[in-house]
Amino acid sequence: MGRPFSRRHFLLSSGAVASAGVIAARPRGGSSEDPGVVVVASDNGLAAVERAYELALAGTLPVDAAVAGVSLVEADPADQTVGLGGLPNEDGVVELDASVMCGPTYRAGAVASLRNIMHPSQVALTVMRRTDHVLLVGEGALRFAKQHGFREQELLTEASRLEWLRWKESLSSEDDRLTPEQAEAGFSGVGGGGGKRDKRETGTINLCVRNAAGDLGGCTTTSGLAWKIPGRVGDSPLIGAGLYVDNEVGAAGSTGRGEATILSCGAHTVVELMRGGLHPKDACLEVLRRIATRTKQRHLLREDGRVAFNLNLYAVSKAGAFGAACLYGPHRYAVATKDGVRHEDEAALYER
Ligand code: ASP
């Protein structure tokens, strides 16, 4: 069951709820009849979906509501997958990726490998609104952020530094470089390449908003794969991979192994499958099926031949149907609708 909204939420939404009738009578997981505001996010986004829901209900544009929601997570040092306190790259430096996309204007903005700025989602929003570009990276992205008044600060917290040091000192094999032997060993359907991916630290927040008028917006923000090679860009800032919004169809995003999402054009493919009539959950599952069958490199496969990493896809349709799916369950995602704020189970291609 979802937890009830805050008192403030009820003040904001009481009119909408009264006109919608009995809350418990609302079908879940994708009603086609007047679903109102629908917000979906990765499992770390419970507070974020609540905030985004309240703002969307009060008339904030979906993309702005999405950024306001994920900003809570970016500012939270306890979440080591996003913003402040994110786990760093191979050199111990936090590098952030983020993207935003606005359905009604069909515009997007993104930043990649951005250092020292706590809110990459807000910089991505500024790229969207104040440039004629879509993606800024590294030094240029930082200069742009500072020009727009974003404050530089150290993002590596003590807890994240200590985790990085533990990894560094263990001379771990869990890195992203392949020896010539490992590179050549790939491309077999047989697993057993070490499965070094399944224990890697991953995490991100993706959050998509559908407002009561059916307009859509979304945001994905992350510190990326822990211990990544400096300069590595994941799926999160790539429009079509970690996020895609088509105001006529739906919005989708991803968390998990970004390389797989990039190779499958994940979020865009989910939206295209929804355009073809699939329910959001089934569209997510179909993309995961493709990823599972097209992963050929042995170091990415387990002994049993299944993929050795996890990936989550989230989607909401223009009509307000929503769903999420992962390669390996059980896994939950965050939802805010008229029924309240809650976690729901994702559909899973495999059980662990
Ligand atoms: N998708 C992110 C990336 O590849 C990481 C994650 O969500 O775990 O950068």
Side-chain angles (χ1 to χ4, degrees), residues 40-45 48 66 70 73-74 76 79-83 85-90 93-101 110-115 120-121 124 135 137-138 141 155 160 163-164 167 174-176 196-208 218-244 252-270 284 287-288 291 295 297 299-300 307-315 324-329 331-334 346:
V40 295
S42 40
D43 65 342
N44 55 347
V70 303
V73 184
E74 288 176 332
D76 179 1
D79 191 318
Q80 291 178 293
T81 69
V82 177
L87 291 174
N89 66 17
E90 213 178 58
V93 177
V94 180
E95 286 186 333
L96 304 176
D97 295 341
S99 62
V100 299
M101 191 157 181
V111 289
S113 298
L114 177 65
R115 301 180 175 193
S121 65
L135 173 62
V137 305
L155 300 176
S160 291
E163 272 203 51
W164 170 79
W167 169 77
E174 296 169 31
D175 60 33
D176 292 307
K196 66 184 185 177
R197 303 286 146 181
D198 54 1
K199 287 197 223 89
R200 290 295 296 279
E201 307 275 358
T202 58
T204 292
I205 180 166
N206 163 253
L207 188 149
C208 292
C219 176
T220 304
T221 175
T222 189
S223 51
L225 203 59
W227 336 135
K228 61 193 173 185
I229 296 172
R232 177 265 189 187
V233 172
D235 58 323
S236 308
L238 302 183
I239 296 300
L243 178 70
Y244 197 71
S254 74
T255 64
R257 181 178 159 79
E259 281 71 10
T261 314
I262 294 170
L263 289 171
S264 62
C265 298
H268 183 263
T269 307
V270 169
C284 294
V287 172
L288 294 168
I291 289 170
T295 299
Q297 287 169 286
H299 73 279
L300 295 176
V307 288
F309 54 85
N310 210 353
L311 188 59
N312 308 271
L313 292 166
Y314 317 89
C326 55
L327 282 167
Y328 290 100
H331 209 274
R332 303 180 312 170
Y333 69 117
E346 296 179 8

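Atoms within a ligand are numbered from 1 in the order they appear, just like the ligands themselves.
- One option in T204, T220, D97, L96 has a heavy atom closer to atom 7 (O) of ligand 1 than any other, and that option is T204.
- Side chains of T222 and D97: a donor-acceptor N/O pair is absent below 3.5 angstrom, by distance only.
- Residues satisfying the side chain to side chain donor-acceptor pair (under 3.5 Å) test with D79, not counting sequence neighbours, are N44, T81.
- At distances below 3.5 Å, not a single donor-acceptor pair connects side-chain atoms of T204 with backbone N or O atoms of T220.
- In summary, the atoms of ligand 1 found under 4.0 Å from a heavy atom of G224, numbered by their order in the structure, are 9 (O).
- At a 3.5 angstrom cut-off on N or O pairs, G203 counts as close to ligand 1.
- Of all the atoms in ligand 1, the ones that sit under 4.0 Å from a non-hydrogen atom of L225 are 9 (O).
- Between the SG atom in C326 and the CG atom in L311 there is a gap of 9.0 Å [rounded to 0.5 Å].
- Considering only heavy atoms from C-beta on, L96 stays 4.5 Å or farther from T221 through its side chain.
- Counting non-hydrogen atoms of other residues, nucleotides and ligands closer than 6.0 Å to CZ of R232 gives a total above 12.
- Atoms of ligand 1 lying under 4.0 Å from any heavy atom of T255, numbered from 1 in the order shown and given with element: 7 (O).
- Residue D235 has at least one nitrogen or oxygen atom sitting less than 3.5 Å from a nitrogen or oxygen atom of ligand 1, judged on distance alone.
- Residue R232 touches ligand 1 through its side chain alone, judged by heavy-atom distances below 4.0 Å.
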